[in-house]
Student: 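Take a look at the following structure, please.
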Amino acid sequence: MFTGKLAVLYEGQGDNAIFQQLAERLAVPLRNTTQADTLSELFFLCWRDGCLKLLDRELLKKGGLSVDIAPRNGEQHSYPAPKQGALAQAVGRKTKTVIDATTGWGQDSLFMFRMGYQVSCIERSPIMAELLTDGFNRLAQQDWVQRLQLSMPPLHTGNAIDLLTSLTTPPDCIYLDPMFPPKRKKSALAKKAMVILRDLLGDDTDKDQLFSVALQAAGKRVVVKSPDDAEPLGGKPSESFSGKLLRYDVYLKG
Ligand SMILES: C[S@@+](CC[C@H](N)C(=O)[O-])C[C@H]1O[C@@H](n2cnc3c(N)ncnc32)[C@H](O)[C@@H]1O
């Protein structure tokens, strides 16, 4: 699936076996930094600074992107954080259970988790699922999480279009943040993390189908995050809340 595009990179530190296992799970080659000059892949996964990181060729020399488990700037550091801001308004203060059907880097899921929502995650890219699993494992080790005995959001790897169809208990809210084709110039586009995600996975061209399935499967509402200049995914929403360069469209069920 990712042959020629992605490799796992062993940089000579730690147990080689876990790199090998990761490469086998994703069915991609395991490369070594001694082959640095001959690496032909565009993306790499490796553990750096105790985190599983995704690198493109620009990040190969240093850095890398991992699931960020730290609270956002200005977010209260005790649990649960207040349900404030456009995302909480859209998801609803009375909402308890949320399925994030497009988890990606997990930033919205983790924001909702820290606000005390009961979040379950779906992600179809096995690469992102590996990065999320690493992030959730790191979060589970945090003092505050252990002290409060919080369980990590369950992560289901697969296509939400299939997984939402076979739900037995509808969640109060289904949250969607698929990739929209960029309209703005690159400079105005999102952070590196979203740029690399698009480069790696491309646009989510089946988002209309995902929306219809989500609307069927949700108990009370579907929330769609989109760029503020994009057409609403499901037609006229019941209500909308605006954030910086983005919009949360809410579709309430009758
Ligand atoms: C824009 S990113 C989401 C970013 C995320 N909200 C965050 O805070 O990091 C979109 C993600 O949704 C995933 N995705 C899109 N359609 C999906 C589907 N039908 N089933 C499961 N995952 C899907 C993509 O693989 C991608 O990782």
Side-chain angles (χ1 to χ4, degrees), residues 1-2 5-6 26 43 45 51-54 65-73 75 85-88 90-91 98-115 117 119-136 139 153-167 171 173-184 189-218 222-228 230 233-234 243-249:
M1 192 177 177
F2 308 109
K5 204 171 178 189
L6 177 85
L26 293 172
F43 300 98
L45 281 172
C51 307
L52 183 63
K53 295 200 172 176
L54 178 64
L65 295 162
S66 56
V67 169
D68 185 0
I69 58 165
R72 295 177 177 189
N73 276 347
E75 192 182 322
L87 174 61
V91 171
V98 182
I99 293 184
D100 182 348
T102 57
T103 305
W105 288 104
Q107 295 308 286
D108 294 328
S109 275
L110 290 175
F111 191 27
M112 291 187 273
F113 170 80
R114 289 190 295 264
M115 287 192 284
Y117 291 107
V119 183
S120 304
C121 298
I122 302 179
E123 172 53 53
R124 70 171 153 198
S125 159
I127 305 171
M128 296 317 296
E130 294 285 349
L131 290 156
L132 285 163
T133 302
D134 173 75
F136 290 175
L139 182 61
L155 171 65
H156 306 277
T157 309
N159 192 333
I161 293 171
D162 304 326
L163 295 173
L164 292 177
T165 316
S166 53
L167 283 182
C173 172
I174 296 181
Y175 181 78
L176 305 178
D177 175 20
M179 273 181 286
F180 286 79
K183 276 200 187 166
R184 296 190 179 89
L189 236 173
K191 298 175 226 153
K192 175 77 179 169
M194 288 303 159
V195 176
I196 199 171
L197 199 60
R198 176 186 303 286
D199 290 347
L200 179 68
L201 304 176
D203 284 328
D204 295 316
T205 51
D206 52 0
K207 46 185 169 304
D208 288 324
Q209 196 190 350
L210 177 60
F211 177 80
S212 336
V213 168
L215 200 58
Q216 282 287 320
V222 174
V223 173
V224 184
K225 179 178 173 182
S226 68
D228 57 359
L233 189 56
K244 201 177 158 200
L245 296 175
L246 56 86
R247 211 178 59 230
Y248 299 98
D249 291 332

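The figures here come from the full heavy-atom set of this structure, side chains too, leaving out hydrogens, waters and symmetry mates. Both counts, for ligands and for their atoms, begin at 1 and track the order of listing. Bear in mind the structure is a predicted one, so any value in this text is a computation, not a measurement.
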Student: Distance to 0.1 Å, residue and atom name: give those for the protein heavy atom nearest to atom 6 (N) of ligand 1.
Tutor: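 Nearest neighbour among protein heavy atoms for atom 6 (N) of ligand 1, to 0.1 Å: Asp177 OD2, 2.7 Å.
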
Student: Looking at atom 19 (N) of ligand 1, what's its closest protein heavy atom, distance included?
Tutor: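 Checked against all protein heavy atoms, atom 19 (N) of ligand 1 sits closest to Asn159 OD1, 2.8 Å.
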
Student: Give me the nearest non-hydrogen protein atom to atom 20 (N) of ligand 1 as residue plus atom name, then the distance to 0.1 Å.
Tutor: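 Here the nearest protein heavy atom works out to Ala160 N, 2.8 Å.
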
Student: Pairs of nitrogen or oxygen atoms closer than 3.5 Å, one from Asp100 and one from ligand 1: do any exist?
Tutor: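 No; the residue has no nitrogen or oxygen that sits under 3.5 Å from a nitrogen or oxygen of the ligand.
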
Student: Can you tell me which portion of Ala101 lies within the under-4.0 Å heavy-atom range of ligand 1? Options are side chain, backbone, both, or neither.
Tutor: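 The part of Ala101 near ligand 1 is the backbone, not the side chain.
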
Student: Look at atom 9 (O) of ligand 1 and say which protein heavy atom is nearest, naming residue and atom and giving the distance to 0.1 Å.
Tutor: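 So the nearest neighbour among protein heavy atoms is Trp105 N, 3.0 Å.
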
Student: Which residue holds the protein heavy atom closest to atom 24 (C) of ligand 1, what is that atom called, and what is the gap in Å?
Tutor: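 The closest one turns out to be Glu123 OE2, 3.5 Å.
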
Student: For Asp249, check side-chain hydrogen bond (donor to acceptor under 3.5 Å, both in side chains) against everything at least two apart and list the hits.
Tutor: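 With neighbours one apart ignored, the set is Ser240, Arg247.
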
Student: Does any N or O atom in Pro178 lie less than 3.5 angstrom from one in ligand 1, N or O only?
Tutor: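 In this structure, Pro178 places no N or O atom under 3.5 Å from an N or O of ligand 1.
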
Student: Measure across Ala160 and Val213 and return the closest heavy-atom pair with its distance rounded to 0.1 Å.
Tutor: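 Closest approach of Ala160 to Val213, heavy atoms only: O-CG1, 4.5 Å.
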
Student: Within the structure, does Met179 bring an N/O atom to less than 3.5 angstrom of an N/O atom in ligand 1?
Tutor: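 N/O-N/O distance below 3.5 Å does not exist for this pair.
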
Student: With heavy atoms under 4.0 Å as the rule, classify the contact between Thr102 and ligand 1 as side chain, backbone, both or neither.
Tutor: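 It is both backbone and side chain that touch ligand 1.
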
Student: In terms of residue, atom name and distance, what is the protein heavy atom nearest to atom 22 (N) of ligand 1?
Tutor: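 Ranked first by proximity to atom 22 (N) of ligand 1 is Arg124 N, 3.2 Å.
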
Student: Before accepting this row, confirm whether a basic side-chain N of the pair Asp204/Arg124 lies closer than 4.0 Å to the acidic partner's carboxylate O.
Tutor: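 Looking at Arg124 together with Asp204, the answer is yes, because their closest N to O distance falls below 4.0 Å.
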
Student: For Asp108, enumerate each residue passing the salt bridge (Lys or Arg N to Asp or Glu O under 4.0 Å) test, keeping only those at least two apart in sequence or located in another chain.
Tutor: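 Partners of Asp108 by the salt bridge (Lys or Arg N to Asp or Glu O under 4.0 Å) criterion, ordered by chain and then number, come out as Arg72, Lys225.
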
Student: Would you check whether Lys225 has a nitrogen or oxygen atom less than 3.5 angstrom from a nitrogen or oxygen atom of ligand 1?
Tutor: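 No; the residue has no nitrogen or oxygen that sits under 3.5 Å from a nitrogen or oxygen of the ligand.
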
Student: Give me the residue, atom name and distance of the protein heavy atom closest to atom 5 (C) of ligand 1.
Tutor: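 Going by distance alone, atom 5 (C) of ligand 1 is nearest to Thr103 O, 3.3 Å.
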
